[in-house]
Amino acid sequence: MITADKSHWQDWKLDSDADGRDRPTFVQSMAQWALRCKSGRWFQLIGAVGRSDEHFFPVGKHLQWTYEGQGGSRDEELNLFANDAWFAYWNNRGEINVTITRVA
């Protein structure tokens with residue numbers, strides 16, 4: 001289980017929690033093509049097994065997730081990040097505190 005607390009992070013000056021932005025700004029809607037995880041919202045907490053963008057999945061504040069070898073190797077790491085345009089991480093600030101709990 002992946003659970004984020006109530007902390008916030010910022011994309012430029014836009015505040016967001018781990019669930020991301022409900023409605024993108026005009027600029028974000030024009031840059032949708034560059035969003036790293038297309039199935040997630042802007043600035044939503046995203047998970048990835050390994051470093052391949054083929055294995056991205058939206059997390060948000062709470063997700064019960066099962067590892068099923070998504071990265072292709074049992075040695076792959078779970079990575080978590082804010083969903084933003086691939087070229088726009090330079091203006092991001094803050095952090096989200098996350099707890100990962102093994103449930104089985």
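The analysis underlying the following values was restricted to heavy atoms, covering all of them including side chains, and did not include hydrogens, waters or symmetry mates. Keep in mind the model is a prediction, meaning the values are calculated, not measured.
Considering every non-hydrogen atom in both F26 and S29, the closest pair reads O-OG, 2.7 Å. Of all non-hydrogen atoms in N91 and R93, the two that sit nearest each other are C-NH1, 3.8 Å. W12 and N92 make their closest contact through N-OD1, 4.5 Å (heavy atoms, listed as atom of the first residue, atom of the second, distance). Residues I96 and A4 approach most closely at CG2-CB, 3.6 Å, considering heavy atoms.
Looking only at side-chain heavy atoms (C-beta outward), D11 and Q28 come within less than 4.5 Å of each other. Side-chain atoms of L45 and L80, non-hydrogen and from C-beta on, do get closer than 4.5 Å to each other. T3 has its side chain out of reach of V98: every pair of non-hydrogen atoms, C-beta onward, lies at least 4.5 Å apart. Residues W65 and V49 are in side-chain contact: their nearest non-hydrogen atoms beyond the backbone lie under 4.5 Å apart. Under the 4.5 Å side-chain criterion, counting only non-hydrogen atoms from C-beta, C37 is not in contact with F57.
Summarising the geometry, atom OG1 belonging to T101 is positioned 10.0 Å from atom CD belonging to Q64; distances are rounded to the nearest 0.5 Å. If you take CD on Q10 and OG on S16, they are separated by 9.0 Å, rounding to the nearest 0.5 Å. Separating the CE atom in M30 from the OG1 atom in T25 is a distance of 11.0 Å, to the nearest 0.5 Å.
No donor-acceptor contact under 3.5 angstrom links the side chains of N83 and Q44, judged on distance only.
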Would you sort out whether K61 and D17 count as a salt bridge (Lys or Arg N to Asp or Glu O under 4.0 Å), showing the intermediate values? CA-CA 8 Å; K61 289 183 188 173; D17 63 15; 3.0 Å; yes
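In this view, D5 and S7, N97 satisfy the side-chain hydrogen bond (donor to acceptor under 3.5 Å, both in side chains) rule, not counting sequence neighbours.
Within the structure, the salt bridge (Lys or Arg N to Asp or Glu O under 4.0 Å) test picks out the following pairs touching residues 23-42 (sequence neighbours left out): D22-R41.
Ring centroid separation for the pair F43 and F81 does not come in under the 6.0 Å cut-off.
L35 and L14 fall into different hydrophobic clusters, where Ile, Leu, Val, Met, Phe, Trp and Tyr are joined by side-chain heavy atoms under 4.5 Å apart, directly or via other members. The hydrophobic clustering, which links ILVMFWY residues whose side-chain heavy atoms are closer than 4.5 Å, places V59 and L78 together.
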